[in-house]
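Just below is one structure, and these are the notes that go with it.
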Amino acid sequence: MIISWNTTQQCNINCIHCYRDAGPKRPDELTTEEGKKLLNEIAKVGFKIMIFSGGEPLLRQDIYELISHATSIGLRPVIGTNGIMITEEVAAKLKSAGVMTVGISVDSGNPEKHDWFRGYKGAWEQTMAGIAACRQAGLPFQIHTTVLNWNEHEITKITDTAVELGAVAHHIFFLVPTGRGKDIEDTTLKTTQYENLLEQILDKQAQVPIELKPTCAPQFMRIAKERNMQMRYTRGCLAGTAYCVILPNGDVQPCPYLPLKAGNVRQTDFDIIWRESPMFNELRNQPLKGACGSCGFDSSCGGCRARAYYYSGGDYMAEEPWCSCGRS
């Protein structure tokens, strides 16, 4: 199982697609002690991979203390960052604290396009410096790319760049309209583009030595099964079943892109929320609607629950709108 904690709303750049609408620090963010209590409860439930994200998690003054605590209780910490703040000193401290992998965002091979998308002039150059610092420290890193219609033609080229840079993986995020992402919904990939790119990614996987992982595109599991490809994943969409996210103020959601509250860790211990949330139990036990419930791949794909929620007008059990499977 895998879990994310958006440790802060604060960010040092202004990405135009940010699902968390990050910027200024929230006054109600979990404290260090509340964060350690949360981590204890996460470990108690049986989660293993602990993602520290944001905002920009490196802006939290206690981030190394929190990561060290996660390590000490048996969690496997990873961190998601724009990479701009990673110096050789920061990389060494992250490694010492126990970080297993750093996820660093790279959205284009063109520095100007990357800077525009990230809302920060010089982001590309500083991100590349952060990657070099990780490499120098012997800290494993992976590349994260958000795909839209303006950079879909670059995705497999960015994979090649990731290999050249020494990344251990390339994770490709298909935009879900939430947060500031709602303002650029018209740039998201629709059915044909969506599935064509998934085919290209799976083709590329056979050519490169690193892991390629489409995210918020669960039908990659169906396509892989149709090709008889062996995948180490058991299901595409994990929202509320083997994954969830904690927001900076302690609210718990099924995933970062499905803006529905299952509880708050200040009011109820996380392990109780995870076990007893009606929403989580519906996601785990109730049949999906529409084509997602009748295509035959519901147990391995699951359809993107956040995308279903957005395009159905609020039903997170509805069918995934941009999947061709099960439709005439």
Side-chain angles (χ1 to χ4, degrees), residues 1-4 6 17-21 146-149 152 171-198 201 213-226 231 233-245 247 251-263 273-274 277-328:
M1 298 196 298
I2 184 171
I3 189 166
S4 297
N6 295 149
H17 68 300
C18 182
Y19 67 83
R20 192 53 59 222
D21 196 15
T146 298
V147 59
L148 298 157
N149 61 11
E152 62 173 312
H171 287 199
I172 299 133
F173 291 74
F174 287 65
L175 184 79
V176 178
T178 189
R180 294 200 286 267
K182 289 187 289 189
D183 299 332
I184 55 171
E185 187 279 334
D186 61 333
T187 68
T188 62
L189 304 191
K190 303 306 189 286
T191 306
T192 301
Q193 294 171 295
Y194 194 144
E195 299 222 354
N196 284 345
L197 182 55
L198 287 176
I201 292 168
K213 171 64 166 62
T215 299
C216 296
Q219 52 266 58
F220 84 91
M221 288 292 292
R222 182 253 302 166
I223 296 171
K225 186 171 288 190
E226 291 171 339
M231 306 296 289
Y233 308 100
T234 57
R235 183 178 167 88
C237 181
L238 302 177
T241 62
Y243 174 75
C244 70
V245 62
L247 274 58
D251 284 347
V252 181
Q253 293 182 180
C255 87
Y257 315 101
L258 182 50
L260 295 174
K261 179 179 173 180
I273 295 172
W274 179 251
S277 161
M279 186 188 343
F280 288 173
N281 280 296
E282 184 177 13
L283 287 164
R284 293 164 192 164
N285 301 313
Q286 295 302 310
L288 300 174
K289 299 177 183 177
C292 281
S294 60
C295 70
F297 294 95
D298 52 323
S299 62
S300 58
C301 169
C304 177
R305 296 301 92 216
R307 196 172 285 112
Y309 171 82
Y310 179 84
Y311 287 102
S312 71
D315 185 356
Y316 54 80
M317 301 298 285
E319 67 181 27
E320 153 80 60
W322 306 135
C323 179
S324 63
C325 187
R327 293 166 173 81
S328 58

Residue pairs passing the salt bridge (charged side-chain N to carboxylate O under 4.0 Å, His left out) test with at least one member in residues 279-290, sequence neighbours excluded, are Lys289-Asp315
Please, which pairs that meet ring-ring contact (aromatic ring centres under 6.0 Å, His included) have at least one residue in residues 280-299, sequence neighbours excluded? Trp274-Phe280
Got Phe220 and Ile201 here, is their nearest side-chain heavy-atom distance under 4.5 Å? no
Any side-chain heavy atom of Gln193 sitting closer than 4.5 Å to one from Thr188? no
Do Tyr243 and Ser4 have side-chain N/O donor and acceptor atoms under 3.5 Å apart? yes
Establish, from distance only, whether the side-chain atoms of Gln219 and Tyr194 form a donor-acceptor pair under 3.5 Å. yes
Kindly indicate whether the side chain of Tyr310, heavy atoms from C-beta on, has any atom under 4.5 Å from the side chain of Thr178. no
Do Arg222 side-chain atoms and Asp298 backbone N/O form a donor-acceptor pair below 3.5 Å? no
Tyr19 and Pro259, any side-chain heavy atoms less than 4.5 Å apart: no
Between Glu152 and Val147, does the side-chain contact (heavy atoms from CB on, under 4.5 Å) criterion hold? Intermediate values first, please. CA-CA 6 Å; Glu152 62 173 312; Val147 59; 4.0 Å; yes
Please identify each residue that fulfils side-chain contact (heavy atoms from CB on, under 4.5 Å) with Thr234, with sequence neighbours left out. none
Return yes when atom NZ of Lys182 has more than 12 non-hydrogen atoms of other residues, nucleotides or ligands closer than 6.0 Å, and no otherwise. no
